[in-house]
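Residues: numbered from 1 along the sequence shown. Predicted model only: the values in this text are computed from it and were never measured.
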Amino acid sequence: MRWLGNRRHSTAEDLQEEMESHVLEKAEALELAGMSPQEALTAARRSFGNQALLQDRAQEIWDNRPLNPLTTSFRFAFAQLKRTPVFTSTAILILSLGIGANTAIFTVLYQAIFRTLPVTNPERLVFVSMIGPKYPVPGRRPSYLILSRLASQPTDLESVSGWVRDRVMAADEENHERSLNATLMTGNAFDVLGVRPEMGRLLTSEDNEQEHPAVWPIVLSYNFWSAKYHRDPSAIGEQITISGRQAKIVGITPSGFEGITPNMPTQMYLPMAFLSAQGDTGRRDPLHAEDLFGFTTVGRLREGVTLKEANAHLRESTTKWLRHELQPLVARDPTLEEMSLQMTSASRGQQALDDYGSTLTLLQILMGSALLFCCINVSGLQLARTLERAHEFAVRIALGANRSHLVRQCLMEALIVTSGGAMLALPITFASTHLLSNFLTKPGAGEIVMLHPDWRMFAIAGVFTGFCTVAVGIVPVLFAKKANPASVLKGKSSMKRQPAMASKVLLAAQIAMTFLLLTTASFYWRTLQQIYGEDLGYNPVHVTEIAAQFQRMQNPEDIMSTYRRMLHQLNAHKGITSATMTWITQLTTFDPQIHVALPKSDEVKQISFNQVGPGYFETLQTKLLLGREFTDEDTDDSRCILNELAVRKIFNRAPSEVLGRRVRLSFYSEINTVCEVIGIVQSAKYADIHTSKSAILFLPITPVSIRPGGFNNNMVFLIRGEQEKEVEAAYLDVLAHVAPGTGYSRFLPMQRQLNDALGKERLLSFMTMFFGSIALLLCGAATLSLLLMRVKLSIPEIAIRVALGATPLHAAATVLREMVALIVIGTAVGGVSLRGVEYLSTYYLHYGRSVAMGDLLIASGLLVTILLCAGGIPAIRAATLHPMNALCRDS
């Protein structure tokens with residue numbers, strides 16, 4: 001670079017010498033014609049033209065380097081920005097927040113909606129599900145028997161594989177026996193996807209041939225291998241214990257592969273046959289049960305076959321035998337009637353973030369508005385800076401500078417500023433992406449969704465940087481193109497007055513955007529607080545959820561006995577107020593329905609139900625209105641408890657008239673009994689926090705109900721205790737005494753489950769409040785700077801008016817009136833924009849509510865307070881100006 005600089009300097013000297021020689025030759029010719037030496041030299045230079053401009057143009061031609069103008073503009077722009085470090089650093093910081101937030105949101109949005117699986121030709125992958133008149137799209141996942149039958153049928157699928165998520169007991173990253181996520185799959189599952197191992201091998205068809213091998217083959221996920229084994233290749237071949245059975249690590253999945261459910265952590269992959277080895281021997285074998293559905297079926301289309309064609313052929317070839325297979329089950333489950341198979345695209349897998357797509361889209365729109373606000377704010381700073389450089393622009397044009405060069409320089413300065421903001425935005429993006437994960441966790445999962453920013457994040461940041469470059473550079477560009485040297489040479493004040501309207505427009509736009517962000521933040525915050533303030537029907541504070549899986553026990557009675565012993569010791573343990581267990585925890589959107597009828601009635605009603613242990617309502621602090629709750633003596637399904645809504649729906653009578661009455665219950669083949677109502681409890685939120693309270697019937701957990709609890713025979717303990725650490729220590733102590741060696745899942749506070757259920761509202765509230773606060777501060781700073789500039793430009797006018805008899809208060813009132821007018825215009829524009837927010841909230845979130853007057857008053861109050869405080873400083877300055885001092889200043 002030094003050589004390049006020396007060469008350029010040498011070229012410039014040669015050019016100067018050459019041009020000077022031409023001038024001297026012309027001067028000599030004029031001198032011979034009769035002019036004096038001085039007159040001849042002056043005339044020669046005049047005829048030669050602007051020597052500096054000609055030298056600059058000749059320099060570009062001699063250098064013959066296309067990038068040289070850009071390099072020169074970059075160096076000059078960088079030098080100019082160094083002269084204004086406050087502006088440069090402020091602009092970079094403002095833009096970094098806007099670019100970082102938008103890049104983070106778009107990164108998550110891309111993973112939630114657009115990203116395809118990292119496999120071979122993902123566009124040819126399809127899910128196969130059962131749909132019917134009573135069970136429409138997305139449909140029900142087939143049973144393993146139907147999956148196997150489909151694989152043997154002639155279809156447009158090259159191959160068909162089966163997947164199911166499960167939990168197994170194994171040592172975690174810290175070698176603690178824990179309940180870990182596992183995916184069980186048919187032997188050809190990896191081949192269907194076209195996945196190759198990172199190390200070792202993947203599962204094959206031979207691995208599923210043995211139902212009970214001495215040692216099970218297991219494949220670890222890349223992330224789990226990295227966390228537990230620190231990417232040690234010697235992990236291949238190591239034997240470990242999985243749910244009490246010996247397993248051997250045979251391979252590692254490739255980096256970035258997360259199975260068919262991206263963003264959800266999976267620690268290991270096992271053969272599908274391992275599913276039969278899980279749980280007790282009294283349970284039906286899930287691989288041979290005709291009514292046990294839930295197996296995700298993934299196939300690969302043949303080359304050249306479209307999804308529409310494949311679906312038409314699939315219905316023709318499978319509908320007849322499928323309905324024959326399901327016919328015996330229709331009497332117990334009417335939704336299976338007239339079922340058929342349908343394929344849907346599996347290129348994106350089973351997206352864990354699909355539920356958040358609308359929220360993220362809305363948030364992207366709002367953050368786009370915040371980025372626009374940032375650009376407007378920086379443009380306002382650019383305007384003030386450009387006014388200070390008005391003399392520079394005009395003199396350069398007067399000396400012959402090309403206006404396109406000035407435009408290029410202005411855009412280069414904007415590019416440097418926005419590029420600096422983008423570079424600072426990258427760490428903000430990584431931090432924000434991790435922060436967003438805390439708002440995207442499904443209720444009850446207890447595990448944060450994994451988000452992995454990739455190279456596309458840099459591309460997205462580049463797009464936002466380009467947008468900001470144009471938005472930020474447009475003000476000085478327009479000014480440079482319209483700069484008039486004559487105006488500056490006549491008087492700088494007239495030159496500086498030209499963009500006065502632009503400053504007012506920018507400030508009004510800032511006020512409008514700030515008002516919009518503040519009102520939106522207040523709207524979402526109020527919505528969140530209203531939901532938090534609702535009566536849930538139970539108290540989640542100081543309640544911890546924890547599940548133990550007793551797979552090593554082979555008998556439901558033994559499992560039930562273990563649960564009861566755990567409860568007895570937990571209730572007697574120091575630091576625990578009460579403990580119980582349940583099949584389903586609240587707000588997880590899982591809402592099983594049971595058929596209920598009066599003994600002498602043919603009318604069947606369907607309501608939600610749950611199976612719970614003794615002390616359930618006491619632990620959750622749900623009010624018992626009449627009767628009693630379950631005890632250890634309730635060992636079968638002959639007794640039940642209803643909430644108020646269930647009483648109204650089933651009996652349509654007063655609760656006092658229902659105690660002791662009986663109802664008939666049926667739930668597939670698992671429950672078919674008549675129960676007596678022994679208690680009435682208050683109604684509560686159940687499956688979804690966003691819906692109204694549900695009608696619920698409660699049954700006691702019994703040995704018979706262990707199997708309906710799921711493949712893993714695990715119920716969830718609910719433990720109430722003031723200190724979470726004491727609860728955790730007590731549970732581990734009891735578990736070690738009652739069932740030593742048994743693993744456990746993570747401890748999950750019920751309050752966190754409530755927070756996870758409100759993740760969308762919390763995310764919108766947090767982001768809009770953060771940027772609303774930033775917007776408020778920036779708008780106040782912009783108001784102060786622009787009004788100070790306005791006062792500076794108006795100093796002669798104010799001084800003359802004061803000299804002619806106007807009071808200083810009148811001069812100050814002029815500034816404040818201008819401020820009030822801008823506030824009125826800005827809030828009016830922002831108020832109109834609120835209709836768009838209301839529409840978007842209704843469209844994306846189905847809120848169906850409008851911005852309240854309280855939201856408007858809060859936003860208006862904050863905005864007016866800050867702006868009037870910021871505008872008061874220029875007003876005071878205007879009022880204290882002395883006429884003689886002001887008129888003597890060169891404004």
Side-chain angles (χ1 to χ4, degrees), residues 355 359 438-439 441-446 524-547 577-593 607-627 629-630 641-649 655 679-699 715-722 724 727 747-766 845-849:
D355 294 342
T359 304
N438 294 285
F439 297 99
T441 302
K442 287 186 176 295
Y524 288 128
W525 174 256
R526 182 175 57 84
T527 300
L528 181 63
Q529 294 307 306
Q530 284 180 351
I531 297 176
Y532 269 121
E534 290 179 356
D535 178 20
L536 299 176
Y538 54 88
N539 181 12
V541 181
H542 301 311
V543 176
T544 301
E545 301 174 9
I546 181 68
T577 305
S578 61
T580 186
M581 58 184 176
T582 179
W583 175 32
I584 300 171
T585 58
Q586 282 78 0
L587 310 181
T588 58
T589 69
F590 182 42
D591 188 15
Q593 302 284 303
I607 66 172
S608 303
F609 89 104
N610 193 8
Q611 295 172 305
V612 300
Y616 176 81
F617 303 105
E618 176 190 356
T619 302
L620 290 184
Q621 296 182 356
T622 297
K623 187 181 298 184
L624 182 65
L625 303 177
L626 292 171
E629 64 172 303
F630 299 124
I641 295 175
L642 305 177
N643 69 359
E644 291 178 284
L645 288 174
V647 170
R648 191 180 309 160
K649 185 172 183 178
I680 309 295
V681 296
Q682 72 176 113
S683 299
K685 294 275 188 176
Y686 186 47
D688 193 344
I689 188 67
H690 302 96
T691 60
S692 57
K693 295 179 179 180
S694 306
I696 312 173
L697 179 144
F698 298 92
L699 291 171
M715 297 294 172
V716 179
F717 287 102
L718 301 178
I719 307 174
R720 176 172 292 280
E722 293 291 332
E724 185 178 340
V727 170
F747 296 93
L748 177 64
M750 186 174 280
Q751 183 64 45
R752 176 182 165 185
Q753 185 158 309
L754 175 61
N755 292 337
D756 291 340
L758 293 173
K760 300 175 183 179
E761 288 79 7
R762 290 170 56 237
L763 176 60
L764 287 168
S765 177
F766 172 80
L845 302 181
H846 310 291
Y847 273 172
R849 59 172 70 101

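- With rounding to the nearest 0.5 Å, the separation of OG1 in Thr589 from CG in Asp688 is 7.0 Å.
- The closest side-chain heavy-atom distance from Met750 to Leu587 is not below 4.5 Å.
- Nearest approach of Ser608 to Asp591, heavy atoms of both residues: OG-OD1, 2.6 Å.
- Between Trp525 atom CH2 and Phe766 atom CZ the span is 11.0 Å, to the nearest 0.5 Å.
- Between the side chain of Glu545 and the backbone N or O of Val716, no donor-acceptor pair lies under 3.5 Å.
- Checking side-chain atoms of Asn643 against main-chain N and O of Ser694 turns up a donor-acceptor pair under 3.5 Å.
- Although no hydrogens or angles enter the test, the distance criterion places a donor-acceptor pair under 3.5 Å between the side chain of Gln682 and the main chain of Lys623.
- The structure places CZ of Phe609 at 6.5 Å from CG of Leu699, a figure rounded to the nearest 0.5 Å.
- In this structure, the separation between OH on Tyr616 and OH on Tyr538 is 8.0 Å, given to the nearest 0.5 Å.
- Closest non-hydrogen pair, Gly721 versus Val727, comes out as CA-CG2, 3.8 Å.
- Between the side chains of Gln611 and Thr582, no donor-acceptor pair is found at a separation under 3.5 Å.
- Here the closest heavy-atom approach between residue Ile696 and residue Asn610 is recorded as CG2-N, 4.5 Å.
- Atom CD of Glu722 sits about 4.0 Å away from atom NE2 of His542, to the nearest 0.5 Å.
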Ring pair (Phe, Tyr, Trp, His ring centres under 6.0 Å) assessment of Phe617 paired with Phe698:
CA-CA 11 Å; Phe617 303 105; Phe698 298 92; 5.0 Å; yes

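- In this structure, Thr580 contributes its side chain and Leu718 its backbone to no donor-acceptor pair below 3.5 Å.
- When atom types are taken as modelled, the side chain of Glu629 and the backbone of Glu618 share a donor-acceptor pair closer than 3.5 angstrom.
- For the pair Glu644 and Lys693, the salt-bridge criterion is not met [side-chain N within less than 4.0 Å of a carboxylate O].
- Taking all atoms of both residues into account, the shortest heavy-atom contact from Ala695 to Ile607 is O-CB, 3.8 Å.
- Of all non-hydrogen atoms in Val647 and Pro655, the two that sit nearest each other are CG1-CA, 4.1 Å.
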Candidate pair Lys685 and Gln586, rule side-chain contact (heavy atoms from CB on, under 4.5 Å), full reasoning
CA-CA 7 Å; Lys685 294 275 188 176; Gln586 282 78 0; over 6 Å; no

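- For Thr619 (side chain) and Gly615 (main-chain N/O), a donor-acceptor pair under 3.5 Å exists by modelled atom type.
- For the atom pair Thr585 OG1 and Leu748 CG, the distance stands at 8.0 Å (nearest 0.5 Å).
- Using modelled atom types, one side-chain atom of Arg762 and one backbone atom of Asn755 make a donor-acceptor pair closer than 3.5 Å.
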